[in-house]
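Owing to the predicted nature of the structure, the values given are computational and were not obtained by experimental measurement. Numbered from 1 within each chain, the chains take letters A, B, ... in sequence-line order.
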Amino acid sequence: MSPVRVRFAPSPTGFFHIGSARTALFNWLYARHMGGVFILRIEDTDKERNSDAFLNLIYASLNWLGLNWDEGPKVGGNGGGDFGPYRQSERGAVYKKYVDQLLANGRAYEKDGAIWFKLLGDRYEVFDEHRKKTVTKVTLPPVVMADAIRGRVERLEDEDFVIVRSDGNPVFHLVNVVDDIAMQVTHIIRGEDHLSNTSKHVHLYDGFGVKPPAFAHIPLILKQNGPGKMSKRDQGALIEEYQRRGYLPEALVNFLCLLGWNPGDDREKMPIEEIIRLFDLPSVNQSNARFDDKKLAHMNLGYLLALTPDDFVGRARAYFSRVGVSGVAAALALAASADYFREVMLLCQPKIKGMDELPTYSGYFFNDDFEIDPKVREKVLGKGDPLACWQELLAALPTLDFSSDLAIEDGIKALALSRGRGFGDYQPVARLAVSGMAAGPSITGMFRVLGRDRVMVRMSRFGAV
RNA sequence: GCCCUCAUCGUCUAUCGGUUAGGACAGGAGAUUCUCAAUCUUCAAAGCGGGGUUCGAUUCCCCGUGGGGGCACCA
């Protein structure tokens, strides 16, 4: 049996979005599951709308998601292969050869300067109400497709169609089929929006005398709010955005897998190896799925909490590096010692919901000139006996044991006991004085990481304001 | 308008003729707690409608309805 060869064939005419990513992902999963080949083919025949920036975005996004391609343009460690070139703009000669074949065997003809594919059957004219013009139709049986996800699909294709434009450029249907033949693609996994095109494609395969590959049309991702499928203009649609916001790619991939597929049981958060092992075409859903950013965020949190300390700190540093140029907090964080940075990050890991919270959440650890939120100040000072607590705590700091969170907690509790208070009486004002914020890591951890000197300075300064 | 396609909680989904219709996210309540989260417990929440087939339909078939996609010398 010949090995499975699948391809992802994006066109560099816009930002790389969720829908494309999932199509790429399902192709990649199937290839990996079957031990086959994942091909990246760039469909850049639309000269007007192509751009190198979008092309590079495709490479960058696939890399970020971990969807490495075995054949395709050589980028990083990816690509190569014996069926290139893998950019359609460089395959003109191939298309010409195939078109000539059609012309020679009578399955294509010229009209109005363009080349049309010829359907086999009797022709008749009819007025098309929708398009407001007379069209020539062909009497022939419908195309029957065996879709791996949808089962049997039947559709009548009864009009000849253009395969090469009058300007000499081949159209999508032609190049798509030619390349799938030339690159020996065995399974075409693509969005359901292509289902109606498939009848044309099957006729083309027939014209070339080639048995069509297997088709698998995956359901579409619907936009979170409002009607219709998700497009690159919709909120949360761009892969780039998740990358920028510090989402973990493995979380996004896991989430995307669950949009239209499931392992057959209740499991959701799964390592990619397990997903590869279980993934298969028949288990892909048939109905469209609505995008849900809350669930994605939850998935991201799950992965975030599960990161090992070293991994988390490394990724946090990478995130700070990326935003560093534009953020003061990030720049200061990067300037701190590696040990201190690590301690701060590990304090924050269990508390944040995403990497993008890190600069704000941890800013005061690195910046002594942090601002005190006036609203928080008002709230904290308006409750209980905060100033007395502040003074008592300040006085106790020089002798407080800073050796561990527990020691700090015991120390403050002892103080509280001696004054007839509770730990909770000191916490709000201490947090305000030391961080300026209403929420954050445990006050004991915060004290320990900042160290006695910094805590003292901040506590003292608080009274002066 | 024509063609294709889909249909279980608000959302993602399990069920492959017989279940108290399960899980997850979101939402409500409670527990825990030094803030905020997280976590744990818990509550509420679904088979689009109508016909069949069958001893029995969420499940199979048909018709409606609703959603989605397509109908170019775009991809």
Candidate list R123(A), K137(A), K200(A), test salt bridge (charged side-chain N to carboxylate O under 4.0 Å, His left out), partner E159(A), passing option: K137(A)
Cationic N near anionic O, under 4.0 Å, E192(A) to R150(A): yes
Counterpart base for U35(B), defined by Watson-Crick or G-U wobble contacts under 3.5 Å: none
Nucleotide forming a Watson-Crick or wobble pair with U42(B), both distances under 3.5 Å: G28(B)
Identity of whatever pairs with G18(B) - Watson-Crick or G-U, under 3.5 angstrom: C55(B)
F172(A)/H194(A) under ring-ring contact (aromatic ring centres under 6.0 Å, His included): CA gap, chis, key distance, verdict: CA-CA 11 Å; F172(A) 160 73; H194(A) 285 289; 5.6 Å; yes
Working for ring-ring contact (aromatic ring centres under 6.0 Å, His included), residues W69(A) and F8(A): CA-CA 9 Å; W69(A) 57 99; F8(A) 172 56; 9.6 Å; no
Watson-Crick/G-U partner (both atom distances under 3.5 Å) of U65(B): A7(B)
Shorter than 3.5 Å, N or O on both sides, protein versus nucleotides 30-34 of chain B: list them out with atom names.
from	atom 1	to	atom 2	distance (Å)
C34(B)	O2'	Q427(A)	OE1	3.3
C34(B)	O2'	Q427(A)	NE2	2.4
C34(B)	O2	R431(A)	NH2	3.4
C34(B)	O2	I443(A)	N	3.3
C34(B)	N3	I443(A)	N	3.2
C34(B)	N4	T444(A)	OG1	3.1

Pi stacking test for H194(A) and A75(B): under 5.5 Å apart, planes under 30°: yes
Any K229(A) side-chain N or O less than 4.0 Å from OP1/OP2 of G67(B): no
Intermediate values then yes/no, side chain to side chain contact (heavy atoms under 4.5 Å, CB included), T198(A) and H217(A): CA-CA 10 Å; T198(A) 307; H217(A) 288 92; 3.1 Å; yes
Any N285(A) side-chain nitrogen or oxygen under 4.0 Å from OP1 or OP2 of A14(B): yes
